[in-house]
Protein chains: 2
Amino acid sequence: MSSPSAHPKDATALERLRKAGLRPTRQRLALAKILFANGSRHVTPESLYTEAKGKRVNLSLATVYNALHDFTERGLLREISIEAGRSYFDTNTSEHHHFYYERTGKLQDVALDSVRITSLPDAPAGEKVKRVDVIIRLAR
Amino acid sequence: MSSPSAHPKDATALERLRKAGLRPTRQRLALAKILFANGSRHVTPESLYTEAKGKRVNLSLATVYNALHDFTERGLLREISIEAGRSYFDTNTSEHHHFYYERTGKLQDVALDSVRITSLPDAPAGEKVKRVDVIIRLAR
DNA sequence: AATGAATTTTAGAATAATTCTAAACGGATA
DNA sequence: TATCCGTTTAGAATTATTCTAAAATTCATT
């Protein structure tokens with residue numbers, strides 16, 4: 001096998017991991033390449049695992065869970081909870097919102113400025129607002 | 001044992017179930033009494049099961065799941081998904097939002113009018129906006 | 001290139017939440 | 001009261017996720 005940096009996109013994945021302070025292991029590099037190759041994506045651990053396997057990446061499901069959590073902790077991903085019993089990870093870590101297609105379970109980004117929130121309650125004493133999630137649930 | 005309607009609150013629970021088209025079984029009545037006795041509440045299947053057991057209501061966890069889903073389908077409850085792997089049910093079915101205390105996993109209602117949303121994107125073609133959920137995540 | 005310490009990966013077991021199954025039960029109606 | 005059909009139940013099954021301890025890999029140092 002050639003070294004990872006022989007391919008153009010590896011540099012990006014490698015840089016990302018380096019900047020995040022994560023050791024660029026073969027598995028993390030492969031996952032980062034899949035996740036950040038194109039635009040914004042939403043994956044579940046299972047979907048990412050299947051996709052990686054499909055690309056002949058040899059790794060275990062536990063590693064996918066580990067990587068998704070590590071990436072999230074280091075700010076490379078954002079976790080979204082929409083439905084009990086299924087977690088989603090979003091490669092778009094900037095502030096934004098979501099459409100959720102209830103029928104299919106798919107997520108779609110909604111630009112931050114297309115939802116205008118002009119008032120919010122104060123945070124209860126001793127607490128700070130960490131994030132405001134807006135989920136626009138869609139049905140036919 | 002006295003008949004359920006011998007107690008004042010039973011009438012309310014009974015009525016609720018009747019109106020919703022749900023057979024007022026002993027288990028459903030007991031759960032409805034617990035859920036709707038006071039103001040707005042947020043329960044998990046497990047927490048409601050434990051609470052019912054504590055009150056000497058004899059039922060199984062599966063029944064709690066069944067009842068929560070039946071109640072939700074009939075509009076008596078609203079399901080909220082905040083965290084993967086845990087579902088919450090809210091006795092407040094009117095439109096409103098939530099504070100979510102990440103540390104403790106507790107939910108708190110936020111009045112509809114304390115969050116003013118002055119613009120929303122159009123629903124994608126073929127879809128309708130079913131609901132807009134705003135979750136204000138709190139941390140210290 | 002070899003060494004070694006620390007981190008990461010892995011398979012499989014363990015745990016947790018939820019759903020399923022099929023039998024027993026109970027509420028509604030005649 | 002008899003019957004029908006929805007409901008409850010215990011326990012098994014399923015699904016999602018985390019844990020565990022051993023093996024492998026990375027990275028810094030020789």
Side-chain angles (χ1 to χ4, degrees), chain A residues 1 3-5 10 13-32 34 42-50 52-53 56-74 76-77 79-89 105, chain B residues 1 3-5 10 13-32 34 42-50 52-53 56-74 76-77 79-89 105:
Chain A
M1 297 232 186
S3 80
S5 52
D10 293 5
L14 188 62
E15 275 168 29
R16 257 179 221 271
L17 294 178
R18 285 254 154 83
K19 277 184 194 158
L22 291 168
R23 267 198 200 175
T25 63
R26 181 171 49 77
Q27 292 85 343
R28 283 177 177 164
L29 273 167
L31 293 176
I34 292 173
H42 303 94
V43 301
T44 62
E46 195 62 41
S47 78
L48 180 58
Y49 176 66
T50 303
K53 281 292 191 186
R56 309 280 157 70
V57 179
N58 251 332
L59 43 44
S60 71
L61 182 56
T63 297
V64 174
Y65 274 97
N66 290 340
L68 288 172
H69 288 136
D70 294 341
F71 288 9
T72 301
E73 269 172 23
R74 303 309 183 100
L76 264 33
L77 292 176
E79 191 172 0
I80 305 169
S81 299
I82 296 281
E83 244 187 5
R86 173 173 247 163
S87 41
Y88 289 84
F89 293 84
Chain B
M1 299 242 181
S3 79
S5 53
D10 293 5
L14 188 62
E15 275 166 31
R16 258 178 220 270
L17 295 179
R18 284 255 154 83
K19 276 184 196 160
L22 292 167
R23 258 197 209 178
T25 62
R26 181 171 50 76
Q27 293 86 343
R28 283 176 177 165
L29 272 167
L31 293 175
I34 292 173
H42 304 93
V43 301
T44 62
E46 196 61 44
S47 78
L48 181 58
Y49 176 67
T50 303
K53 281 293 190 185
R56 311 280 157 69
V57 179
N58 251 331
L59 43 45
S60 71
L61 182 55
T63 298
V64 174
Y65 274 97
N66 289 340
L68 287 172
H69 288 137
D70 294 341
F71 288 9
T72 302
E73 268 171 24
R74 301 310 182 101
L76 263 32
L77 292 175
E79 190 171 1
I80 304 170
S81 298
I82 297 280
E83 243 188 7
R86 172 173 248 163
S87 43
Y88 290 84
F89 293 85

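In what follows, every chain begins at residue 1, and chains take the letters A, B, ... in the order their sequences are listed. Both backbone and side-chain heavy atoms feed into the values below; hydrogens, waters and symmetry mates do not.
- Annotation: side chain to side chain contact (heavy atoms under 4.5 Å, CB included) contacts of B:R26 (sequence neighbours excluded): B:N58.
- Proximity of A:L76 to A:D70: side-chain heavy atoms (C-beta onward) are nowhere separated by under 4.5 Å.
- The outermost nucleotides of DNA chain C lying under 4.0 Å from heavy atoms of chain B, listed 5' to 3', are C:dA17 to C:dA28.
- Under the rule for a side chain to side chain contact (heavy atoms under 4.5 Å, CB included), the partners of B:T72 that lie at least two apart in sequence or sit in another chain are B:L77, B:E79, B:F89.
- Defining each end axis of the helix from C:dA1-D:dT30 to C:dA30-D:dT1 as the rotation carrying four pairs' C1' atoms onto the next four, with five pairs an end, the two axes are found to diverge by 30° to 10 degrees.
- The side-chain hydrogen bond (donor to acceptor under 3.5 Å, both in side chains) search around A:T44 returns A:S47, not counting sequence neighbours.
- More than 12 heavy atoms of other residues, nucleotides or ligands shown are found within 6.0 angstrom of NZ on A:K53.
- Summarising the geometry of A:S81 relative to B:I82, their closest heavy-atom pair is CB-O, 2.7 Å, with the distance given to 0.1 Å.
- Per the geometry, CZ belonging to B:R86 stands 13 Å off P belonging to D:dT18, to the nearest Å.
- Heavy atoms only, all atoms of each residue included: B:R74 and B:A20 are closest at NH1-O, 2.8 Å.
- When heavy atoms are screened at a 4.0 angstrom cut-off, B:D70 is found touching no nucleic acid atom at all.
- In this structure, the CG atom of B:L29 is 13 Å from the P atom of D:dT7, given to the nearest Å.
- The side chain to side chain contact (heavy atoms under 4.5 Å, CB included) check on B:E73 picks up nothing, with sequence neighbours excluded.
- Residue pairs meeting the side chain to side chain donor-acceptor pair (under 3.5 Å) criterion with at least one partner in residues 59-68 of chain A, sequence neighbours excluded, are A:S60-A:T63.
- As a whole-Å value, the separation of A:L48 CG from D:dA16 P is 15 Å.
- Taking only side-chain nitrogens and oxygens, A:H69 never comes nearer than 4.0 Å to OP1 or OP2 of D:dT17.
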Are any protein N/O atoms closer than 3.5 Å to N/O atoms in nucleotides 26-30 of chain D? If there are, list each pair with its distance.
unit_1, atom_1, unit_2, atom_2, d
D:dT26, O2, A:R23, NH1, 3.1

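- Annotation: side chain of B:E46 is in contact with side chain of B:L61 (closest heavy-atom distance under 4.5 Å).
- The stretch residues 60-68 of chain A touches DNA chain C through A:S60, A:A62, A:T63, A:N66, each having a heavy atom within less than 4.0 Å of the strand.
- For B:A30, the side chain to side chain contact (heavy atoms under 4.5 Å, CB included) test picks out B:V57, with sequence neighbours left out.
- Under the 4.5 Å side-chain criterion, counting only non-hydrogen atoms from C-beta, A:P45 is in contact with A:S87.
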